[in-house]
**Q** 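For reference, the structure I am asking about is given below.
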Amino acid sequence: MKYNRCGKSGLLLPEISLGLWHNFGSVDNFDNAESIAVEAFDKGITHFDLANNYGPVPGSAEENFGKILWHNFQGNLRDEIVISTKAGYTMWDGPYGDWGSRKYLLSSLDQSLKRMSIDYVDIFYSHRPDPETPIEETMMALDHAVRSGKALYVGISNYSAEQTRVAVDVLKQLGTPCLIHQAKYSMLERWVENGLLDVLEEKGVGCIAFSPLAQGLLTDKYLNGIPENSRAHNPNGHLKENEVTEERIQKLVQLNEIAKNRNQSLAQLALAWLQKDKRITSVLIGASSVKQLCNNIDCLENTEFSHDELNAIEKILS
């Protein structure tokens, strides 16, 4: 595992980080979740990413991760891992459990720390911009989180290029630099290339890509259509059946041929492809099993692309 400097900070993050969006909630098997987290650490993944509403039920991923910490990462081991959490999406009913107000963000952080039974997180994010709250208020809440000792660094997620520029400038004026931006980025979701990555590079802010496999679409699961046990077949899943079009399946089949020629799975190809841009600090993966985790980490065995390969991939994706 290589560790990349996060922007212009002193923090190094692993090339691959583990996200706990799925498979770590109260509806999931705890022993399996614990095995995934422990194996990830043993493989060199030092960064574990959460949010207040991860589950289901909301909050349960943090509670389970707190138990995993207690069972496996006591003492100085806590100093060897980076824990991040976020607030910005709906967490509780009423006017104070959503978006980006100072009241919601700081209350949510206190709740997250309590659920995980820890004194601080390494990174605290504003999970999304709030169209009704001044960006200065949201950034002041992040600044306060650091000054109160409840977070070491702060970041933003799902902000546009222009919103990011404003947020980074406000945080700089407050004296708490923006460490990182967490953005949705994959072969099939490339909006960050239209300005955001340029802003982050200019401002010295790191970038971590989430949903790098497009909710599982960039795997061999969908090469022959939608299988019964897939996320797309689940009405509660984030990948919808109408996103798995015949045109997309044909693209996946062609990408899979390139992956085969590189002795990689389609998932490994998609993860390695993100690693080619040095502005990407880390790629955030999920895992439903230790086997899947290890398979994804193995993408790091081949992250170099020839010009012909990159041109062929661009032709397919366009």
**Q** Is the number of heavy atoms from other residues, nucleotides or ligands under 6.0 Å of Glu247 CD greater than 12?
**A**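 Count not over threshold, so no.
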**Q** Assess whether atom CG of Asp93 is packed by more than 12 heavy atoms of other residues, nucleotides or ligands within 6.0 Å.
**A** no
**Q** Counting heavy atoms not belonging to Trp70, are there more than 12 under 6.0 Å from its CH2?
**A**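 Counting other residues, nucleotides and ligands, CH2 of Trp70 stays at 12 neighbours or fewer.
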**Q** For a side chain to side chain donor-acceptor pair (under 3.5 Å) check, start with the C-alpha distance between Ser211 and Glu189, then their side-chain angles and the critical distance, and finish with the verdict.
**A** CA-CA 9 Å; Ser211 200; Glu189 181 75 60; over 6 Å; no
**Q** Look at atom OH of Tyr96 and say whether more than 12 heavy atoms of other residues, nucleotides or ligands are closer to it than 6.0 Å.
**A** no
**Q** Checking the side chain of Lys150 only, and the main-chain atoms of Ala145 only, is there a donor and an acceptor separated by less than 3.5 Å?
**A** no
**Q** Under 3.5 Å, is there a donor-acceptor pair between the side chain of His181 and the main chain of Tyr159?
**A**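 Yes.
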**Q** Would you please test Phe65 and Tyr54 for ring-ring contact (aromatic ring centres under 6.0 Å, His included) and show each step?
**A** CA-CA 11 Å; Phe65 188 66; Tyr54 287 177; over 10 Å; no
**Q** Counting heavy atoms not belonging to Lys114, are there more than 12 under 6.0 Å from its NZ?
**A**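 Check fails, neighbour count at 12 or below.
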**Q** Inspect the surroundings of CG in Asp79 and state if more than 12 heavy atoms from other residues, nucleotides or ligands are less than 6.0 Å away.
**A**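 Check passes, neighbour count above 12.
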**Q** Please indicate whether Lys43 has more than 12 foreign heavy atoms, meaning atoms of other residues, nucleotides or ligands, lying under 6.0 Å from its NZ.
**A**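 Atom NZ in Lys43 is not crowded, with 12 or fewer foreign heavy atoms closer than 6.0 Å.
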**Q** Can Lys67 and Glu34 be counted as an ion pair, charged N to O under 4.0 angstrom?
**A** no
**Q** Name the residue from Thr46, Thr281, Leu13 that meets the side-chain contact (heavy atoms from CB on, under 4.5 Å) definition with Tyr3.
**A**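 It is Thr46; the other options fail the test.
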**Q** Run the salt-bridge test on Asp98 and Arg128 with the 4.0 Å N-O cut-off and return the result as yes or no.
**A**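 Judged by the 4.0 Å cut-off on N to carboxylate O distance, Asp98 and Arg128 do form a salt bridge.
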